[in-house]
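Inspection log for the structure reproduced underneath, given as structure tokens.
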Amino acid sequence: MDEFNRGMDPAVKRYFKKIVNSFVLGITWLMILAMAGIYFELAVIDGGIKWYNILFYAFFLVSLIWMIRYFQKSWTPEKDENPEK
């Protein structure tokens, strides 16, 4: 590596990008569901379960499973990403 190159190591850049992408996806997911559940009262069950409550919680579970699988896939090291092995 050139001694005058002041840039970041590409591996560190990829790692920070993973951190930022995971944080932004998690916060966005949480804000959307909190807004839909609290502001639009889709998560509030009063006077019995309604069809939109079931739809909201089904979407919550499906999107949670998708997000966890996405995080697992994005955080699993690739073969050419770890040169020590």
Side-chain angles (χ1 to χ4, degrees):
M1 193 163 172
D2 187 23
E3 63 183 321
F4 297 109
N5 187 1
R6 305 242 185 240
M8 279 182 153
D9 184 27
V12 174
K13 280 185 179 181
R14 284 193 305 269
Y15 186 69
F16 283 144
K17 188 175 179 180
K18 284 182 184 181
I19 292 171
V20 170
N21 285 342
S22 298
F23 181 75
V24 168
L25 179 65
I27 292 297
T28 304
W29 176 80
L30 187 64
M31 287 176 32
I32 288 170
L33 285 175
M35 184 188 71
I38 296 170
Y39 183 74
F40 296 118
E41 296 182 354
L42 297 177
V44 178
I45 299 174
D46 55 346
I49 297 175
K50 297 176 179 60
W51 65 272
Y52 53 82
N53 298 125
I54 295 170
L55 190 65
F56 173 77
Y57 284 110
F59 177 76
F60 168 77
L61 288 175
V62 169
S63 64
L64 177 65
I65 291 168
W66 174 82
M67 191 173 63
I68 289 171
R69 291 188 70 200
Y70 175 78
F71 286 157
Q72 286 176 343
K73 185 179 175 184
S74 66
W75 281 96
T76 303
E78 296 176 6
K79 290 182 181 179
D80 55 351
E81 188 176 308
N82 194 357
E84 286 85 29
K85 289 185 177 181

Determine all donor-acceptor pairs shorter than 3.5 Å in which one atom belongs to a side chain in residues 29-40; sequence neighbours excluded.
unit_1 : atom_1 : unit_2 : atom_2 : d
W29    : NE1    : S63    : OG     : 2.8

Give the table of side-chain donor-acceptor pairs shorter than 3.5 Å for residues 65-72, with sequence neighbours excluded, one pair per line with atom names and distance.
none

Could you give the side-chain donor-acceptor pairs of residues 47-60 under 3.5 Å, partners two or more places apart or in another chain?
unit_1 : atom_1 : unit_2 : atom_2 : d
K50    : NZ     : D46    : O      : 3.2
N53    : OD1    : K50    : N      : 3.0
N53    : ND2    : L42    : O      : 2.6
N53    : ND2    : V44    : O      : 3.1
Y57    : OH     : A43    : O      : 2.9

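Hydrophobic cluster membership of V20, counting Ile, Leu, Val, Met, Phe, Trp and Tyr whose side-chain heavy atoms lie under 4.5 Å apart directly or via other members: V24.
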